[in-house]
2 protein chains.
Amino acid sequence: MNLGSLKPFFEPHLLSEIDRFGIVKQVKKGDILIDIGEQIQFIPLIIEGAVKVLREDASGDEILLYFVDFGNTCAMTLNCCMENTPSEIRAVCEADTSLIMIPATYMDSWLAKYKSWRIFIFDNFQGRLNELLKAVDSLTFLKLDERLERYINEKAELQKNKKLNITHLEIATDLNSSRVVISRLLKKMEKDGLLLLGRNTIQILN
Amino acid sequence: MNLGSLKPFFEPHLLSEIDRFGIVKQVKKGDILIDIGEQIQFIPLIIEGAVKVLREDASGDEILLYFVDFGNTCAMTLNCCMENTPSEIRAVCEADTSLIMIPATYMDSWLAKYKSWRIFIFDNFQGRLNELLKAVDSLTFLKLDERLERYINEKAELQKNKKLNITHLEIATDLNSSRVVISRLLKKMEKDGLLLLGRNTIQILN
DNA sequence: CAGGCCATGTAACAATTGTTACAGCTATTG
DNA sequence: CAATAGCTGTAACAATTGTTACATGGCCTG
């Protein structure tokens, strides 16, 4: 396993443990990595690619919570590992993704043994709590057009490309809105010179 | 310090450390325990009472995130301690509250030494993440009348009393709505036989 | 007990978001 | 190349939530 990219995060001894016990996994764009209600036995550590984490209610409506990318893991998952509770969220791959699956059993013992692991875990909790806070902020304080703008910009940043390949329906699903509303708002943004719309594409100007 | 109530949570040696290094603090109803932007040096462990945690945006609008009560601490605070970043939230006492302030310096060393501390910390992260998830769920999937109903019931449960002393304006602030809207919805709930309204009081029926 | 502040009730209206319906266009597939 | 499925544009309308304005009545304070 090539752990070079993880070197800055972990002390050498921990790296060798990750090398010994971690299982590398490749997941394709669109695949569901973790689903709601699943028992989680492994902590996924993202090496390449990105994952989107979302929440669903009883009637099947969705809301995007946040994205997770390189060097991070999903704090929700951490908890589920520690407590052995079923997953509260769904994780879907945004792009082809490689990850190291670390058996949940090491979670606790590494916390006692490695300071770098504690830092890693806490940084991730911090990150996830902040992402959730950001989600609450958006839902509370922003109107849909502002949420949409934020969403589009985040997507572009994540994939480092101002041309998005996405449909209005996908956006509507992520924002828990409806396609017609999203189309309407996008059209307005285009008229305002912020975007160029095409079939399956949104080109961010500026 | 009387740590009896904490006995079920922590191993004896840790309890004696808490006894040695923790500082007991009494806070009055309505007092601000932690404010946005503050540096946090202590982990507050709630012994009695309850605290409400809220978020504010640039223009001063608020939203209630969740309540924290006995045996718990605020995961936001944990993070701020670990990372030494300013607080992202405000914590206001719901009732007169006693807490033990644990200097942030012990945070990490106790994690290495005490399994019960690790469990405590992780349980709290779990709890806070779940509360934030619940907040996101409410904001996303519920209409205001449902959020209001949930809010009122939570309040009653927290104070173990079906008669609330609260004004419509306070509710509106917690839910980031406006007083008129809340009055309108409460009136409807009263007409539906769910409540009895009075000046500064809401009596939950059923 | 008069004045003022605060809490509540209500109406009228505005803004935002959601829904339904349908038309036209594009890409794919057989 | 015809058929089909999926994507986008648009209009008309509905529901929800927010805003403004004003009236009433309780309660505290001087």
Side-chain angles (χ1 to χ4, degrees), chain A residues 29-30 57 59-64 135-152 155 163-205, chain B residues 30 57 59-64 135-152 155 163-204:
Chain A
K29 177 170 176 172
D57 78 346
S59 50
D61 288 334
E62 295 183 12
I63 181 85
L64 168 68
V136 169
D137 281 356
S138 295
L139 290 165
T140 306
F141 301 124
L142 300 186
K143 297 206 187 115
L144 192 51
D145 54 353
E146 299 170 299
R147 286 174 58 210
L148 174 58
E149 210 173 321
R150 195 180 270 203
Y151 171 89
I152 287 175
K155 272 248 163 177
K163 187 163 191 172
L164 305 182
N165 281 295
I166 196 168
T167 68
H168 300 183
L169 179 58
E170 290 177 88
I171 299 176
T173 305
D174 278 350
L175 298 181
N176 185 51
S177 176
S178 82
R179 200 273 309 166
V180 180
V181 173
I182 298 299
S183 293
R184 181 158 70 206
L185 293 175
L186 284 173
K187 206 68 202 170
K188 183 168 183 308
M189 288 168 78
E190 189 180 40
K191 273 178 189 149
D192 291 349
L194 300 173
L195 302 175
L196 264 178
L197 299 179
R199 188 188 171 84
N200 294 312
T201 63
I202 298 175
Q203 170 77 50
I204 303 176
L205 301 178
Chain B
D57 79 345
S59 50
D61 287 333
E62 293 183 13
I63 181 85
L64 168 68
V136 169
D137 280 355
S138 295
L139 290 165
T140 306
F141 301 123
L142 300 186
K143 298 208 187 112
L144 191 52
D145 53 353
E146 300 170 298
R147 285 175 58 210
L148 174 57
E149 210 174 321
R150 196 180 269 203
Y151 172 90
I152 287 176
K155 272 246 162 178
K163 187 163 192 172
L164 306 181
N165 281 295
I166 195 167
T167 68
H168 300 183
L169 179 58
E170 290 176 87
I171 299 176
T173 304
D174 278 348
L175 297 181
N176 186 50
S177 176
S178 83
R179 199 275 307 168
V180 180
V181 172
I182 297 299
S183 293
R184 181 158 69 205
L185 293 175
L186 284 174
K187 204 68 202 169
K188 183 170 182 304
M189 288 167 77
E190 189 181 42
K191 272 178 191 151
D192 292 348
L194 301 172
L195 302 175
L196 265 179
L197 299 178
R199 188 186 172 83
N200 294 310
T201 63
I202 297 176
Q203 169 78 50
I204 302 176

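Letters A, B, ... mirror the listed sequences (proteins, then strands); counts begin at 1. Please read these numbers as outputs of a predicted model, since none were measured by experiment.
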What is the separation between atom CG on B:Asp145 and atom P on D:dG18, rounded to the nearest whole Å? 12 Å

Can you check the B:Leu142 CG to D:dT16 P distance for me, whole Å? 14 Å

If you assign each of A:Leu144 and A:Arg199 to its closest nucleotide in DNA chain C, which residue comes earlier from the 5' end? A:Leu144

Taking 4.0 Å as the cut-off, does a side-chain nitrogen or oxygen of A:His168 come that near to OP1 or OP2 on D:dT8? yes

Determine: side-chain N/O of A:Ser177 to OP1/OP2 of C:dG18, distance under 4.0 Å, yes or no. yes

Rounded to the Å, how far apart are A:Glu170 CD and D:dT8 P? 9 Å

Ion pair check, A:Glu146 and A:Lys143, cut-off under 4.0 Å: no

A:Tyr151 OH to A:Ile166 CD1 distance, which is reported to the nearest 0.5 Å: 3.5 Å

With nearest nucleotides of DNA chain D determined for A:Arg184 and A:Asn200 from heavy-atom distances, which residue corresponds to the more 5′ nucleotide? A:Asn200

Taking atom P of C:dG9 as reference, at what distance in whole Å does atom CG of B:Leu169 sit? 14 Å

Nearest-Å distance, CG (A:Asp61) to C1' (C:dT17)? 14 Å

Once hydrogens and angles are ignored, does a donor-acceptor distance under 3.5 Å link the base of D:dG9 to the side chain of A:Arg179? yes

Backbone of B:Phe141 reached by a side-chain donor or acceptor of A:Asp57 within 3.5 Å: no

Counting any heavy atom closer than 4.0 Å, what does A:Thr167 reach on the DNA or RNA strands: base, sugar-phosphate only, or nothing? sugar-phosphate

Heavy-atom pair of closest approach, residues A:Ile171 and A:Ile202: CD1-CD1, 3.7 Å

Protein-nucleotide distance (B:Asn176, atom CG; D:dT19, atom P), rounded to Å: 9 Å

Taking all non-hydrogen atoms of both residues into account, name the closest pair between B:His168 and B:Ile182 and its distance. O-CG2, 4.0 Å

Atom-to-atom span, NZ of A:Lys143 to P of C:dA14 - whole angstrom: 16 Å

Please determine, for the side chain of A:Lys187, which listed nucleotide (D:dT10, C:dT17, C:dT10) has the closest atom? D:dT10

Here the distance between atom C1' of D:dT8 and atom CD of A:Gln203, to the nearest Å, is 18 Å

Ranking D:dG9, D:dT20, C:dT17 by distance to the side chain of A:Val181, first place goes to C:dT17

